[in-house]
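Here is how names work: the chains are called A, B, and so on, in the same order as the sequence lines, proteins then strands, and each is numbered from 1.
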Number of protein chains: 2
Amino acid sequence: MTNKPTIQDVAKKANVSVATVSRVINEQGGVRKPTEERIKQAIKELRYVRNAVARSMVRKETKTIGVIIPDICNPFFPEIIAGIERKAIGADYSTTLSSSNESKKIESKIIQSFVERGIDGVIITTADENGEHLQPLFDANIPVVAVDRAIKHFDVDTVLTGNREGAYEAVRHLIMQKHEKIAIIRGPQDTTPGLERYKGYCQAMEEYGLPIKEEWICDGDFMEDSGYELTKKLSTCKEMPTAIFSSNNLMSIGAIKALYDMSWVLGKEVSFVGFDDIDIATFTNPPLTVVSRPMRNLGELAFQLLFERMKQDPLVKNQKREFIVTPHLIVRQSCKRSVY
Amino acid sequence: MTNKPTIQDVAKKANVSVATVSRVINEQGGVRKPTEERIKQAIKELRYVRNAVARSMVRKETKTIGVIIPDICNPFFPEIIAGIERKAIGADYSTTLSSSNESKKIESKIIQSFVERGIDGVIITTADENGEHLQPLFDANIPVVAVDRAIKHFDVDTVLTGNREGAYEAVRHLIMQKHEKIAIIRGPQDTTPGLERYKGYCQAMEEYGLPIKEEWICDGDFMEDSGYELTKKLSTCKEMPTAIFSSNNLMSIGAIKALYDMSWVLGKEVSFVGFDDIDIATFTNPPLTVVSRPMRNLGELAFQLLFERMKQDPLVKNQKREFIVTPHLIVRQSCKRSVY
DNA sequence: CTGTTAGCGCGTTCAC
DNA sequence: GTGAACGCGCTAACAG
């Protein structure tokens, strides 16, 4: 960032004023053809590139959006990001990405940095759904879209999945296979996905008059290790479950690993359904039945909503919008009830 | 980004000059305690946050680095990114991420946008190793670090993996299991990883005096589908290979899927080693032997190198540095030579 | 210790 | 059609 030619240099070289150069740079028209050519020539010769910082300064926009996610290594999020970026690049926005590692504190810092930088909008899967820590964003009047997890403290556009329905369908599927003793590995109950998926589980169980033993309810943290540990724990139940519902992808991986390690035979001694599809699903024996959702679409939708906000589309003013994308069950073979 | 209080407002409220406010904001010292307190109070009351754009304008740095990768949905890259971000956040840098989708054209656009935005440095896994399209970065004097793929046209710090050694070890391992007919699913030969891994394969084969049939050499594009298709193709060889070496993670997944679909029995009719570890590796039957590498470290190292460049550390001036991180073989069971 | 002021590079009136 | 000049918010001399 040194000695870069400025609009001044171009103006001088082309024998015009900076105003005229600015006009052709921004394609505002109203410049005679020959002048324009001269300017373009100068730009090329000088290798001039416009300075977005200075431009942001006067325009009061950075054409940049911030994205905050809790864990970039969970394959769910790269898909979301890919969706966001796809749309963003089309709208000529850059994407600044940060991972909070599920820490509210880190998230606050990221937010601070975002508002300092004058980001135009934020898409966030928050580490803390209370959301008071998003205050600075609202102070600065920066539009926010929540993805996958809601935000309680503020009214923001939100893109969620049908968590409850998805979980309900999954458990119902288990029940249809004559399962009655179904355990759940829950996610954090202070997150929308964690709680709603649990509710879906309960709903299905209740609807079919099935009892829910306390020992079948395990609390995980959406990470692989907890899936592993909790599955081991489930194997020690006084009343052994014949099926397990796992609340997310990473915990499913852990769970399956545990099953293998304990020789608790999948699809024979115990059935399994997980929320979110995973690579390993078709490699286990039998393949895993899972709840799947169009992740890339979630990201695209999120950007779309944010974009409208950033443009201050009058149509969407003052109304919180909530989109719930419907997931669907991919039935493979891990739920068949066989001999027990 | 509207009506935000400025340093002026704070100055007025605290009855001092902007210079003094600037001093406390930047913790430069030389301000009497009571004045400082008054200013801090004003900042709090006004909810003032400093404007990084204006600051960048005069400081001529944005405290932002740009990261370009070819495919965010390849789990290899999120790990890299996690490593970069970890270090970056510690050094108080933000990270702007963009995915090129392996397109040189898109990559050029991203680069253009980066230099316009006055990014301080770039970490890139380029879609085109020739690298002429990186010219604008050098025009603008922006330091660059290449990760995983080299850049030919310019001398830049580079972080690579021991691709050849890794592949060599993998193939050698196969040979030690008495395999002689070993096929390779190659990556693009105009990429360092693609080419070097192929060289490692050749080296091992030659060293042990094993012939390489042309039909055993398949050209993939590092994506899952090509792994799938090429494995199918391999099954039609006149002289069937007894082992396959796959050049990357995604192609490995495709390959294994193909094996399953064709009932070409893994670990029995055909052995397998892949470059890069993958989730599914421990779920296949038998589990997959793979070449593994410390991806997060690659990212951390890359940032470290870039950081030194950005600080213009005189120690590193004018020398291109190249780091090669050694991979290692994780031996599982997919290579045992059994009955054929 | 604190204040004044000159830019940083650009977009935008408002004249010409 | 084109140009001159102001100001965006801040930092960095330089004065006091």
Side-chain angles (χ1 to χ4, degrees), chain A residues 1-40 42-43 46-64 113 115-120 140-141, chain B residues 1-40 42-43 46-64 113 115-120 140-141:
Chain A
M1 208 178 173
T2 328
N3 296 37
K4 285 203 292 192
T6 77
I7 203 172
Q8 296 271 7
D9 303 323
V10 177
K12 216 168 293 174
K13 181 149 198 146
N15 254 311
V16 292
S17 75
V18 292
T20 311
V21 178
S22 174
R23 284 190 191 99
V24 344
I25 289 172
N26 297 300
E27 301 173 323
Q28 291 174 330
V31 178
R32 248 188 310 186
K33 205 68 187 168
T35 336
E36 177 170 345
E37 286 312 321
R38 228 166 53 240
I39 294 173
K40 284 192 171 163
I43 289 180
L46 259 30
R47 300 198 172 184
Y48 166 81
V49 300
R50 70 182 191 281
N51 183 326
V53 177
R55 163 183 261 233
S56 292
M57 184 106 164
V58 11
R59 283 266 192 108
K60 294 194 169 317
E61 63 171 17
T62 52
K63 283 283 192 179
T64 300
S113 140
V115 342
E116 281 184 6
R117 293 180 138 80
I119 236 83
D120 293 339
N141 225 329
Chain B
M1 210 175 175
T2 329
N3 296 38
K4 284 204 292 193
T6 78
I7 205 174
Q8 297 273 7
D9 302 324
V10 177
K12 217 169 290 173
K13 181 148 197 147
N15 252 311
V16 292
S17 75
V18 291
T20 310
V21 177
S22 176
R23 285 191 191 98
V24 345
I25 288 172
N26 296 302
E27 299 173 324
Q28 292 175 327
V31 178
R32 249 190 310 186
K33 203 69 187 166
T35 337
E36 177 170 346
E37 286 313 319
R38 228 166 52 239
I39 294 173
K40 283 193 171 164
I43 289 179
L46 259 31
R47 302 198 167 182
Y48 166 81
V49 300
R50 73 178 189 283
N51 183 328
V53 177
R55 160 182 262 232
S56 293
M57 183 109 168
V58 12
R59 285 267 194 105
K60 295 192 170 315
E61 63 171 14
T62 52
K63 282 283 191 179
T64 300
S113 141
V115 344
E116 282 185 6
R117 292 180 140 80
I119 238 80
D120 293 339
N141 225 328

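Contact check, A/Asn26 against C/dG11: a side-chain N or O comes under 4.0 Å of OP1 or OP2. OP1 or OP2 of C/dG9 has not a single side-chain nitrogen or oxygen of A/Thr6 nearer than 4.0 Å. When the side-chain nitrogen and oxygen atoms of B/Thr35 are compared with OP1 and OP2 of C/dT2, one or more of them lie within a distance under 4.0 Å. Of the side-chain N and O atoms in B/Ser22, one or more sit less than 4.0 angstrom from OP1 or OP2 of D/dT11. For D/dC10, the OP1/OP2 oxygens have no side-chain nitrogen or oxygen of B/Arg50 closer than 4.0 Å. Proximity of B/Thr20 to the phosphate of C/dG3: a side-chain N or O atom is located under 4.0 Å from OP1 or OP2. When the side-chain nitrogen and oxygen atoms of B/Arg55 are compared with OP1 and OP2 of C/dC8, none of them lie within a distance under 4.0 Å.
Side-chain proximity of B/Lys60 to D/dT11, C/dC8, C/dC10: nearest is C/dC8.
Among residues two or more places apart in sequence or in another chain, the side-chain contact (heavy atoms from CB on, under 4.5 Å) test is passed with B/Gln8 by B/Thr6, B/Val18.
Checked by distance alone, A/Arg23 brings no side-chain donor or acceptor within 3.5 Å of a matching partner on the base of C/dG11.
Regarding B/Ile25, its CD1 atom lies at a distance of 9 Å from the C1' atom of D/dC10, rounded to whole Å. Computed from coordinates, the B/Ile7 CD1 to C/dG3 C1' distance equals 13 Å when rounded to whole Å. At whole-Å resolution of the value, NZ in A/Lys33 and C1' in D/dT2 are 17 Å apart. The CD1 atom of B/Ile39 sits 11 Å away from the C1' atom of C/dC1 (whole-angstrom rounding). When rounded to the nearest whole Å, the span between CD of B/Gln28 and P of D/dT11 equals 8 Å.
A/Lys40 has a carboxylate O that lies under 4.0 Å from a charged side-chain N of A/Glu36, or vice versa, which qualifies the two as a salt bridge.
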